[in-house]
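The residues of the chain are indexed from 1 along the displayed sequence.
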Amino acid sequence: MAGEEQSGRPGSGRSRTERAVALARLLHRDCTRLLELYKEKESFPAEHSLEADRIVSVCVSAPHLTTDERVWLLHSALQQCLRLLEYVIGREEELEEEGEYESVRNSVRDRLGHLLHNTSALLVKEEGSSEPSCDPDSTEMQVDEADGSFGVKLWTYRVLQELIHWTHSASETLHTLHTEREAEQEKGHSENGGAEV
């Protein structure tokens, strides 16, 4: 079928947007599990939640963005999340631990990279299309060492919360994009009299 990526894996008949939605949902579940494992590992109370400003921020240049523009902004947020996660991994790998938390954390990093690749591929369009301008280096990467090891743990906790927030946003926005593109495709088929090209 035109517009479909070919792959030897199961489910390869799905559209690119449908696969991106499935990946974002899987990644969101992984991020939620990662935070649970981190709470267990660091002995945070089960009900512990931080109400704080976002670490990751995206610029919004217009109040009414198209879905494609929202996906570009999410792509920027996910890039920042990946940078934060890689920073966390770099700090944690000094401890040389290996367990379920580390395994899930590394899986999240890999899937996040894959989702970034997929979202940018979805938005490659004809000339004239461009992403909203944002500063990709606006993420706060510094941890306040003055708070000691507990401050570092809280910062890591907030990074994991950012991952949950932005992967959830990604799954919702990509679902909207998928729905819109399917509707456009259906409209195109009906305008062509339903004839196969």
Side-chain angles (χ1 to χ4, degrees), residues 5 7 11 14-38 49-50 52-93 101-125 129-143 154-181:
E5 280 186 346
S7 170
R14 296 188 297 177
S15 69
R16 284 181 177 183
T17 53
E18 195 173 2
R19 287 196 302 270
V21 171
L23 178 58
R25 288 177 177 162
L26 176 62
L27 184 54
H28 177 67
R29 285 193 299 272
D30 286 350
C31 290
T32 302
R33 178 65 183 144
L34 184 61
L35 182 59
E36 290 169 3
L37 289 168
Y38 187 74
S49 179
L50 296 175
D53 295 334
R54 300 246 72 91
I55 297 175
V56 171
S57 61
V58 291
C59 58
V60 180
S61 56
H64 304 291
L65 298 173
T66 67
T67 304
D68 281 6
E69 289 169 333
R70 285 170 40 221
V71 172
W72 272 121
L73 291 175
L74 274 168
H75 182 79
S76 172
L78 293 172
Q79 279 181 316
Q80 293 176 60
C81 285
L82 182 57
R83 286 178 50 236
L84 287 167
L85 182 60
E86 287 173 340
Y87 186 75
V88 166
I89 289 171
R91 292 182 66 93
E92 291 179 340
E93 282 183 342
Y101 167 77
E102 289 76 18
S103 175
V104 173
R105 182 196 64 196
N106 293 338
S107 176
V108 164
R109 177 192 55 201
D110 295 343
R111 285 186 172 140
L112 185 52
H114 190 56
L115 182 60
L116 280 166
H117 174 77
N118 285 359
T119 54
S120 61
L122 284 174
L123 294 169
V124 173
K125 292 198 167 208
S129 172
S130 64
E131 61 183 285
S133 60
C134 288
D135 177 11
D137 297 321
S138 62
T139 309
E140 181 58 49
M141 293 291 288
Q142 296 300 315
V143 182
L154 285 176
W155 185 84
T156 301
Y157 188 100
R158 287 186 63 203
V159 168
L160 300 180
Q161 285 187 318
E162 289 295 297
L163 285 165
I164 291 170
H165 171 79
W166 289 109
T167 55
H168 177 70
S169 295
S171 65
E172 290 186 334
T173 303
L174 288 168
H175 177 73
T176 301
L177 181 70
H178 173 65
T179 303
E180 287 177 1
R181 289 197 177 173

About how many Å separate [atom2] of [Y] and [atom1] of [X], when rounded to the nearest 0.5 Å?
{"X": "Ser76", "Y": "Trp166", "atom1": "OG", "atom2": "CH2", "result": "8.5 Å"}
{"X": "Tyr38", "Y": "Tyr101", "atom1": "OH", "atom2": "OH", "result": "6.0 Å"}
{"X": "Glu69", "Y": "His64", "atom1": "CD", "atom2": "NE2", "result": "12.0 Å"}
{"X": "Leu115", "Y": "Arg19", "atom1": "CG", "atom2": "CZ", "result": "13.0 Å"}
{"X": "Ile164", "Y": "Thr32", "atom1": "CD1", "atom2": "OG1", "result": "4.5 Å"}
{"X": "Arg109", "Y": "Leu34", "atom1": "CZ", "atom2": "CG", "result": "11.5 Å"}

For the pair Arg105 and Leu85, evaluate side chain to side chain contact (heavy atoms under 4.5 Å, CB included) and give the outcome as yes or no after the intermediate values. CA-CA 8 Å; Arg105 182 196 64 196; Leu85 182 60; 4.0 Å; yes
For the pair Tyr87 and Trp155, name the ring-plane relationship: parallel under 30°, tilted 30 to 60°, perpendicular over 60°. perpendicular
Do the rings of Trp72 and His75 sit parallel, tilted or perpendicular, given the 30° and 60° boundaries? perpendicular
Does any part of the side chain of Glu180, heavy atoms only, come nearer than 4.5 Å to the side chain of Thr176, both counted from C-beta? yes
For the student: nearest non-hydrogen atoms of [X] and [Y], plus distance:
{"X": "Gly113", "Y": "Leu82", "value": "CA-CD2, 4.3 Å"}
{"X": "Ala170", "Y": "Leu74", "value": "CA-CD1, 3.7 Å"}
{"X": "Leu163", "Y": "Cys81", "value": "CD2-CB, 3.7 Å"}
{"X": "Cys31", "Y": "Val108", "value": "SG-CG1, 3.8 Å"}
{"X": "Thr67", "Y": "Thr173", "value": "CG2-O, 4.0 Å"}
{"X": "Ala20", "Y": "Leu122", "value": "CB-CD1, 3.8 Å"}

Tell me, with the steps shown, if Asn118 and Leu174 meet side chain to side chain contact (heavy atoms under 4.5 Å, CB included). CA-CA 11 Å; Asn118 285 359; Leu174 288 168; over 6 Å; no
What do the steps show when you test Glu92 against Thr156 for side chain to side chain contact (heavy atoms under 4.5 Å, CB included), and what is the final call? CA-CA 10 Å; Glu92 291 179 340; Thr156 301; 3.8 Å; yes
Gln161 side chain to His165 side chain, donor-acceptor N/O pair below 3.5 angstrom: no
Option among His178, Arg181, His175 that satisfies the side-chain hydrogen bond (donor to acceptor under 3.5 Å, both in side chains) test with Thr17: His178
Where the side chain of Glu162 meets the backbone of Val56, is there a donor-acceptor pair that is under 3.5 Å apart? yes
Glu36/Arg33 salt bridge by N-O under 4.0 Å criterion: yes
